**Student:** 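Can you read through this structure? Questions will come right after.
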Number of protein chains: 2
Amino acid sequence: MRPTTKDLAKAAGVSLATIDRVLNGRSGVRQKTVDAVNEAIERTGFQRNQVAATLARQKGYRFGFVLPRSGDEFLDVIIKHISEFDQASRAEMIATKVVRIDDHDPHRAAKTLSRLSADDYDGIAIMAPETPQIRDALYRMRERGIQTVAFISNQQEEGSQSFVGIDNIAAGATAGRLMARFLGHTAGSILVLAETMQSRDSLERRLGFDKVMSREYPQFDALPTLETHGTAERTRLVLANAFAAHQDIVGLYIMGSEARVAIDLAQNLCGEEKIITIAHERTPSTEHALRAKTLDALINQDPGHIIRSAVRTLRAQCENRETLASQERIRIEILIAENL
Amino acid sequence: MRPTTKDLAKAAGVSLATIDRVLNGRSGVRQKTVDAVNEAIERTGFQRNQVAATLARQKGYRFGFVLPRSGDEFLDVIIKHISEFDQASRAEMIATKVVRIDDHDPHRAAKTLSRLSADDYDGIAIMAPETPQIRDALYRMRERGIQTVAFISNQQEEGSQSFVGIDNIAAGATAGRLMARFLGHTAGSILVLAETMQSRDSLERRLGFDKVMSREYPQFDALPTLETHGTAERTRLVLANAFAAHQDIVGLYIMGSEARVAIDLAQNLCGEEKIITIAHERTPSTEHALRAKTLDALINQDPGHIIRSAVRTLRAQCENRETLASQERIRIEILIAENL
DNA sequence: AAGTTTTTGAGGTACGCACCTCAAAAAGAG
DNA sequence: CTCTTTTTGAGGTGCGTACCTCAAAAACTT
């Protein structure tokens, strides 16, 4: 039988109340006693029964997913998955809610964050660009006792904060390698498209892409990143200009998660010769393009896994546990028509 | 506040005892009453609190993973992941154990299965070839009240039993498409290797592979499947013969999960011209080969996901719940050096 | 040493459900 | 209508932990 708090109390030679104080980090316990209890935990191999703990807490766990207000197709997919998860996990006493923030105004975003109270949220997973305001807001949030985890968009390297999502440098490198291999022996220019190069994610993807292309495939010329600013008109404009300026375009790498317009457009502009097109994130339209062969490959991060992983991470933080890093690494998925 | 059993009792106009009887499928309740309770469940939106239920059950859940005794590298990976999972989920009152069966002797295997008691296992996930004996043993097991789920190796189509794993036809097609795209404009013969073509998994993979190759890439000649019987000697023999008989080999597709020997061997036999090699399942050695560029792509099913999914499925069956199919579909992963 | 503060213990209640017993009520049989 | 069988209700206990209160003990202060 696994030891319970009662057994632990006996083993440590203290009372249940003290065990409770130590286990839940309450004050008023001498360091000496804390050490004795921890020693007993080690010795007996005590593990808190999370099932009973969750039940006793009354309120299960309430997690918030902080997402940008303005969104692309991928965001819709994420939101759908969050609500699905919410449904499925209610029986486990885990409630998830989506909170939208103004992604173009860091001050307003930070203000929204500052209004999130520990009375309503045990933790939040945030997808937002890294700005000083948001960084500060997150810091204060943690001080308020709300756990935080960055997801999809990384916040910073410093490791002070956990992150759930893919390694974007590796994702870019993956795209680069696939592009080169699919192109085979041909040579020419490759277009790279992003919503904006302000975002760290795009920068990292580009970095990874170039690392592979420039070092190993000199026959290709990866052109400077074109910025679409997320609008259809501008996408049209920059793509038309690029095709006019370069006659030898053989590939298109769409780094942003809104690929719809670009795929359709490139299809028309490229003429007879088909170009290899690679995009990110599985959405209804990229999926359709993949099936229609207007897209050759998709680099994807599974929304379901990301969400579950974010919740597991937040929960572990709430319970002061470690997570198995191996279980939480989000895979960089390569999708083609056959493995959708 | 979510309704509890108490609320449900009031809503249905029955006592807690009756609610308990209905919820846990005990006998001695008139159909009329059962219907009334179910109607009240619908009406109030009652959902059993699994946290409390698990706690009250005393014994958490005990699941067995039935694996073949003779194993390859992939099996080792699976086992490692199961024990990792076991560690991590003890706090959730879920215990997992590995049970080995004799995969070459269906009768002994069935006998081992018949000895598994409902007193020791709430459910089992089985990875085994489909034979009448095993099918029967599984049937009887379910009668004994043990939930079952097939994993990795499918048992049958009939849908009477749940399956956690990849669609092997699609996996084969994925391999085929990648093979063709990586080969580009070259032409020639492609070797296909399997442990045995007796297994349904290999058959399905071959089927998918051929579907893509024969229909869309007539320039390639996918040779008949070579069987290695899982031994290094035979692998050496069939490969040497094949390379001797065909001078135009450009690709190698290894369908089994023991790729080590074949990769090394093909590397030596193919001479100057590099051949495109694709294998299944991530293991230390396929991972190494991928990094060393002696392997071009890997088709993988994530062991961690499979195991978690199998457990979620078994648990849902124990609790008489549905699972979200979308959450449980195992992805056919494409791995290259960049997205390992 | 007396007083003050800090630390600890003993005991309780609650969470939502499973599982048990026994008696009472309802339904069916003759 | 009585007798038997089936169905239902009332009540209890326990799972392992969180969280609370109050008093007692121990540790410092002056």
Side-chain angles (χ1 to χ4, degrees), chain A residues 1-37 40-41 44-61 90-95 122 145 315 318-321, chain B residues 1-37 40-41 44-61 90-95 122 145 315 318-321:
Chain A
M1 207 52 197
R2 287 179 45 190
T4 69
T5 42
K6 225 176 212 164
D7 302 322
L8 183 59
K10 205 173 297 172
V14 299
S15 73
L16 264 175
T18 300
I19 292 294
D20 174 60
R21 289 177 184 118
V22 174
L23 242 43
N24 296 294
R26 301 184 219 287
S27 60
V29 185
R30 275 182 306 169
Q31 189 55 45
K32 204 175 129 189
T33 314
V34 174
D35 294 341
V37 170
I41 290 177
T44 60
F46 170 82
Q47 265 191 298
R48 186 196 322 229
N49 183 329
Q50 292 300 349
V51 175
T54 309
L55 181 58
R57 280 178 85 246
Q58 307 272 98
K59 55 177 176 58
Y61 287 101
R90 273 171 46 192
E92 315 282 316
M93 299 177 76
I94 294 176
D122 297 299
R315 197 168 154 194
C318 286
E319 293 166 359
N320 210 5
R321 283 185 294 126
Chain B
M1 206 53 197
R2 287 179 46 190
T4 69
T5 42
K6 225 176 212 164
D7 302 322
L8 184 59
K10 205 172 297 170
V14 299
S15 73
L16 268 174
T18 300
I19 293 294
D20 174 61
R21 289 179 185 118
V22 174
L23 243 42
N24 296 295
R26 300 184 221 288
S27 60
V29 186
R30 273 183 306 168
Q31 188 55 45
K32 205 175 131 189
T33 314
V34 173
D35 294 340
V37 171
I41 291 177
T44 60
F46 170 83
Q47 266 191 296
R48 190 199 316 232
N49 183 329
Q50 292 300 349
V51 175
T54 309
L55 182 59
R57 281 179 83 245
Q58 306 275 97
K59 56 179 175 59
Y61 286 101
R90 273 170 45 190
E92 316 280 319
M93 299 178 74
I94 294 175
D122 298 298
R315 197 169 154 193
C318 287
E319 293 165 0
N320 209 5
R321 283 185 294 125

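Below, chains carry the letters A, B, ... as their sequence lines are ordered, and counting in each starts from 1. All of these numbers come straight from a predicted model, not from anything done at the bench.
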**Student:** For a quick test of reading the model: is some side-chain N or O of Thr5(A) closer than 4.0 Å to OP1 or OP2 of dT17(D)?
**Tutor:** yes
**Student:** Does the side chain of Thr18(B) get closer than 4.0 angstrom to OP1 or OP2 of dG9(D) through an N or O atom?
**Tutor:** yes
**Student:** With heavy atoms under 4.0 Å as the rule, sort Ala17(B) into base, sugar-phosphate or nothing.
**Tutor:** base
**Student:** Gly60(B) near the nucleic acid: base, sugar-phosphate alone, or nothing, with a heavy-atom cut-off under 4.0 Å?
**Tutor:** nothing
**Student:** Is the distance from OP1 or OP2 of dG16(D) to the nearest side-chain N or O of Arg48(A) less than 4.0 Å?
**Tutor:** no
**Student:** Give a yes or no on whether the backbone of Lys59(B) and the side-chain of Arg57(B) come within a donor-acceptor separation of less than 3.5 Å.
**Tutor:** yes
**Student:** Among dC17(C), dT8(D), dG16(D), which nucleotide sits nearest the side chain of Ala52(A)?
**Tutor:** dG16(D)
**Student:** Given 3.5 Å as the limit, does a donor-acceptor pair link the side chain of Arg2(B) with the main chain of Gln47(B), or not?
**Tutor:** yes
**Student:** I'd like to know if Arg21(B) reaches the base of dG9(D) with its side chain, counting only an N/O donor and acceptor under 3.5 Å.
**Tutor:** yes
**Student:** Check whether any side-chain N or O of Arg30(A) sits under 4.0 Å from OP1 or OP2 of dT8(C), and answer yes or no.
**Tutor:** yes
**Student:** Which of these nucleotides, dA18(D), dT8(C), dA18(C), is closest to any side-chain atom of Leu23(A)?
**Tutor:** dA18(D)
**Student:** Report the nucleotide, chosen from dG16(D), dA18(D), dC17(C), that has the shortest atom-to-atom distance to any side-chain atom of Thr4(B).
**Tutor:** dC17(C)
**Student:** Would you classify Asp20(B) as touching base, sugar-phosphate or nothing, given that sugar-phosphate means primed atoms plus P, OP1 and OP2, and contacts are heavy atoms under 4.0 Å?
**Tutor:** base
**Student:** Does OP1 or OP2 of dA18(C) have a side-chain N or O of Asn24(B) closer than 4.0 Å?
**Tutor:** yes
**Student:** What contact category does Val51(A) fall into here, base, sugar-phosphate, or nothing, at under 4.0 angstrom with non-hydrogen atoms?
**Tutor:** nothing
**Student:** Please confirm whether the shortest side-chain N or O distance from Arg26(B) to OP1 or OP2 of dC19(C) is below 4.0 Å.
**Tutor:** yes
